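Here the structure comes first, spelled out in structure tokens, and everything after it is commentary.
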Amino acid sequence: MDDDLSDLSARLRASLLEGLPTEALLTDPQVTASYATDMASFCAAGTPAVVVLPRTVEQVQHVMRTATALRIPVVPQGARTGLSGGANASDGCIVLSLVKMDRILEVSAVDRIAVVEPGVVNAALSRAVAEQGLSYPPDPSSWEQCTIGGNIGTASGGLCCVKYGVTAEYVLGLDVVLADGRLLRTGRRTAKGVAGYDLTRLFVGSEGSLGIVVQAVLALKPAPPRQLALAAEFPSVAAACEAVCAVMEAGLTPSLLELMDRTTVHAVNALGKMGLPEATEALLLAAFDTPHAPEDLAAVGELCTAAGATAVVPAEDQAESELLLQARRMAFPALEALRPATMIDDVCVPRSRLGEMLDGTAAIARAQGLLIGVCAHAGDGNTHPIVCFDPADEDETRRARESFGEIMGLGLSLGGTITGEHGVGVLKKEWLARELGPVGLEMQRAVKQAFDPLGLLNPGKLF
């Protein structure tokens with residue numbers, strides 16, 4: 001059996017090198033092992049046979065033709081900043097890392113589109129289009145590292161979703177290499193288009209299980225004015241969530257509406273010396289990028305006060321606003337610094353149930369005797385409970401796993417979803433089946449079978 005595996009490995013390498021430059025193929029086990037996982041905890045990962053770093057569409061096609069001929073699974077990867085194990089390797093697979101395909105091919109101010117390769121870093125695209133007075137709104141917390149291909153694969157969100165929406169709303173068209181190596185072009189470059197089934201949306205959020213995205217046409221917006229922000233302190237999470245509901249019901253359009261609980265505020269202060277108010281039970285951050293931002297912030301301030309805020313502090317200028325946003329972006333690493341490991345949940349509920357979701361999460365933390373900090377894209381109901389624990393402590397690890405599942409169960413019971421923007425990957429496979437139900441799961445598997453009949457693309461993910 002070992003001889004058979006050795007022979008297959010040799011044939012795989014030889015076949016790949018027929019269409020790849022030597023430098024695009026990594027085979028050193030110590031090097032390939034470093035590509036085995038993304039940033040998620042407790043997700044199974046295997047040992048890749050090789051890692052390929054293509055630079056052209058043709059090279060990706062060659063990899064997929066080779067994989068199909070030899071029946072080798074392929075795991076696509078971007079920057080591996082994912083939090084669900086969706087980029088984790090499987091044993092004997094080809095890891096297809098797309099980070100070298102990092103060109104911005106076109107930016108059109110007239111058509112308000114950008115055409116990019118999948119390895120373009122989110123922040124790099126944002127800065128490039130800003131030079132032409134445009135913006136690409138989706139801004140995940142990892143925007144300085146994550147790639148557009150990864151954002152498309154997981155249908156990423158970000159801090160500005162409350163006003164501008166998620167990645168799916170900005171993907172107009174895709175070039176996709178299918179499992180057998182054929183090139184499929186979906187969607188359009190035009191502002192409108194409804195020809196045929198919307199295959200573009202099907203690939204967004206598919207986590208590399210249906211095809212390899214090698215080019216994307218992305219919608220752009222005119223660059224808005226710079227944001228002005230405020231911070232509101234609340235005596236309870238419930239009061240902060242009441243303010244969120246009031247803001248949305250009033251028809252206001254904040255560009256950002258974020259919440260941090262007491263645990264998160266303390267963690268951010270400890271890591272970044274940010275000077276956030278530690279006596280507060282919940283800190284709500286709101287921002288506007290409208291022409292009348294001060295007036296809009298004043299309206300939010302009034303609603304926060306009516307909901308029970310103990311203090312409402314508008315930023316004095318854009319620099320101070322940016323410091324508030326920096327504090328929010330620091331939430332994940334700050335909570336990660338509290339304990340040796342974390343499990344980051346990603347449950348989204350209707351805004352009207354947000355208070356129940358956060359209060360329920362706090363109750364789970366108390367019952368399990370765990371430290372769980374919550375930050376949330378409160379304006380769209382997307383919560384990020386972060387379970388902090390020590391993996392060397394078996395009992396604490398067990399309780400962390402249990403609490404993670406209990407939080408997802410709570411979200412579903414409130415009419416929510418197990419993932420608002422991080423994806424399913426390995427981490428939430430069991431829960432995806434619960435959310436979809438048997439008929440939904442059957443249809444999802446039928447779609448997978450149509451695009452990938454041999455089951456070679458990112459096996460073991462989603463379901």
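Since this is a predicted model, take the numbers as computed values, not measurements. These numbers come from the heavy atoms of this one structure, side chains and all, not from hydrogens, waters or symmetry mates.
- In this view, D345 and K428 satisfy the salt bridge (charged side-chain N to carboxylate O under 4.0 Å, His left out) rule, not counting sequence neighbours.
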Side-chain donor/acceptor pairs under 3.5 Å, residues 43-51, sequence neighbours excluded:
none

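- Using the six-membered ring where Trp is involved, H384 and H422 have ring planes that are parallel, under 30° apart on the 30 and 60° scheme.
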Tabulate below the donor-acceptor pairs under 3.5 Å that side-chain atoms of residues 304-316 make, not counting sequence neighbours, or state none.
residue, atom, partner, partner atom, Å
T305, OG1, G301, O, 3.0
T310, OG1, E233, O, 3.4

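- Partner of I418 under the side-chain contact (heavy atoms from CB on, under 4.5 Å) criterion, out of I407, L427, L412, L436: L412 alone.
- The backbone N or O of C160 lies less than 3.5 Å from a partner atom in the side chain of D139, making a donor-acceptor pair.
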Report the C-alpha separation of E144 and R127 in whole Å, then their side-chain angles, then the decisive distance to 0.1 Å, and conclude whether the salt bridge (Lys or Arg N to Asp or Glu O under 4.0 Å) test is met. CA-CA 11 Å; E144 291 282 7; R127 293 181 181 118; 2.6 Å; yes
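- Between L271 and M330 the shortest side-chain heavy-atom distance falls below 4.5 Å.
- Contacts of D452 classified as salt bridge (charged side-chain N to carboxylate O under 4.0 Å, His left out), with partners at least two apart in sequence or in another chain: K448.
- The salt bridge (charged side-chain N to carboxylate O under 4.0 Å, His left out) search around E320 returns none, not counting sequence neighbours.
- Taking OG of S206 as the reference point, atom CG of L199 lies at 11.0 Å (rounded to 0.5 Å).
- Between Y170 and Y136, the ring planes lie perpendicular to each other; the angle is over 60°, past the 30° to 60° tilted range.
- Side chains of L371 and L335 form no contact here, defined as non-hydrogen atoms less than 4.5 Å apart.
- Aromatic pair F42/F389: ring centres closer than 6.0 Å.
- Using a 4.0 Å cut-off between charged nitrogen and carboxylate oxygen, R262 and E281 count as a salt-bridge pair.
- Take V99 and apply the side-chain contact (heavy atoms from CB on, under 4.5 Å) test, not counting sequence neighbours, and it matches L53, S97.
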